[in-house]
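Just so it is clear, the values below take in all heavy atoms, side chains as well, and ignore hydrogens, waters and symmetry mates. So you know, we letter chains A, B, ... as the sequences are listed, proteins then strands, and number each from 1. Model, not experiment: these values are computed from the prediction.
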There are 2 protein chains.
Amino acid sequence: MSLAGLPQHQGGADDLARLLARALLAGHWQPGEAFPRELDVCAHFDVSRNKVRNALASLTATGLIERTAGRGTRVREIGEWHLLDPLISDWMTGIDSLDPKLVRAIFAFRYSAEPVVARLAAEAANADDIQRLETAFQGMTRTAMNPEERGLHAEYDVAFHDAIYQGSHNLVWRQMGHLLRPSIIALIHSSQAHVHHEHEGLDDSLARHNEVLETIRRRDPSAAEHAAREVLKRTAIDLGIVDDPPASSGAVPAANAHTDLEEFS
Amino acid sequence: MSLAGLPQHQGGADDLARLLARALLAGHWQPGEAFPRELDVCAHFDVSRNKVRNALASLTATGLIERTAGRGTRVREIGEWHLLDPLISDWMTGIDSLDPKLVRAIFAFRYSAEPVVARLAAEAANADDIQRLETAFQGMTRTAMNPEERGLHAEYDVAFHDAIYQGSHNLVWRQMGHLLRPSIIALIHSSQAHVHHEHEGLDDSLARHNEVLETIRRRDPSAAEHAAREVLKRTAIDLGIVDDPPASSGAVPAANAHTDLEEFS
DNA sequence: GCTTGCCAAAATGTCTGACATTTAATAGGC
DNA sequence: GCCTATTAAATGTCAGACATTTTGGCAAGC
């Protein structure tokens, strides 16, 4: 595949890396395929070889591509991508055609990890952490009704979940807050197709988020773990990963969600 | 701090980055402190500015340092380091004076995460995964008796735990296998001080590892989760994170391990 | 026909020197 | 005392030449 369809480069420093990375993440090239040569990239975007090399160095550092002298540049398998690198998370956000396999993998990770993190947060969170959770939740509530503020609502959503990871007060868990943004932004695009139950879905989602906040505030680890899992069950429905329950209680899809999620890599 | 005490550079390409990174990870510079200028590094190691810039680009990509034109280069806070970047894991392995805060943080993460991962592995592992677990375990058993093969034993240990993460068949969890190596290598150095119970400790550790293998093989998720936690309780003792139990049953330190671990960030 | 060795082409990696840009400090003028 | 212009110092960028690695082809020799 060539560089033909890509947008124009605007001159920013890491902008070229971002551009190429997003094309890769969107599947513009297949894994194993050859990536354009340095000089071709230089010619197409009319930039110096230096900038191209810097950009390709970023792509190499994140595991997206692999370069060897004399051979050229090849696209690596998805399994080799450094999904936990903040750069990757940054590049992923806002890609409309993100590989569904990736969205499911990230969500499956969150589904298994976030309850444990919420438990840790209920044990370790301090006043600042709870304050962050609270303001994020209030922001979510305030922007829930207005469809115009969908993007802002997502940002508060990200902030809420990130506050859980921060609240764990563990250096490693804290790093994973970055994965939240692409996962939650994907939810916006995905839920376009599920508008039929928007209001009930949002109310339900808010109630479950509130439960997480309250359980962490009162330092109840087991309840926090449970509440976080309930939030993610709701999210699984909104992401279209599991079927919408037949407007019944809401606890029904639990088993489905569990078994379904485990099948995806 | 200057470059005075650092070893000599051998000419490898990413070798300079490794050298500087290990000095950073070992605490040779304090967070917030100024890092030597490009030209000073060039002069000290007698390499071209190009190589220095490449090395510093790696350190920047992993969040170890922060560079701004005109200002210079500064060392970032530990909380900003990209601990999940494979490069960092690679650089960390074998550092004898690794920050104990880091060792504890990584272990606390494993203690909360690995049981969940073992559960997933018991649900998703295929024949190849179980084969990997088995050969790793056999390697651990074979090298357990001989103190000469301590390093090899650690490698099999890493392979065993990595196989658990691989067995989860989740793209995100798989990335975290890299964290195992520094954590387990640290165990070697640390357990030098606890030689008084080497034999019993190793036997006990092997038995617990075997339990993980068997529960995954028979696809018993809850048992696998429990077994993985038991392995890590043993590891906590060997790492010196919790006190050695008074030679009693072995289930006693459980509560201690749990409460102790949660206090560390 | 098959192998072996050599050479040339193509790609990435490296060096060097000059220049650009950003930041911070400093000296001067009002 | 404050604002501004200048200077110094550091990182960022450029352009061109050269080095190194890999691949493939071609030809000589068995």
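Using a cutoff of 4.0 Å between basic side-chain nitrogens and carboxylate oxygens, A:D162 and A:R132 are not scored as salt-bridged.
In this pair, A:F160 and A:H209 present their aromatic rings perpendicular. The plane angle is above 60°, beyond the 30 to 60° band.
Here the P atom of nucleotide C:dT14 and the CG atom of A:N54 are 13 Å apart, to the nearest Å. Protein atom CG of A:L39 is 12 Å distant from nucleotide atom P of D:dG16, rounded to whole Å. One atom, CZ of B:R49, and another, P of D:dA10, lie 12 Å apart when rounded to the nearest Å. Rounded to an integer number of Å, the gap from CZ of B:F45 to P of C:dT14 is 17 Å. Atom CZ in B:R53 sits about 7 Å away from atom P in D:dT13, given to the nearest Å. Remark: P of C:dA11 and CG of A:L56 are 14 Å apart, rounded to the nearest angstrom. Summarising the geometry, the separation between NZ on B:K51 and P on D:dT11 is reported as 20 Å, rounded to the nearest angstrom. The CG-P distance, from A:N50 to C:dG13, rounds to 13 Å in whole Å.
Side chain of A:T135 to backbone of A:Q131: a donor-acceptor contact under 3.5 angstrom is found.
Of the residues in residues 62-74 of chain A, those with a non-hydrogen atom less than 4.0 angstrom from any atom of DNA chain D are A:A69, A:G70, A:R71.
Minimum interatomic distance between B:M92 and B:L102 (heavy atoms only, all atoms of both residues): SD-CD1, 4.3 Å. Of all heavy-atom pairs spanning A:L120 and B:S112, the tightest one is CD1-OG, 3.8 Å.
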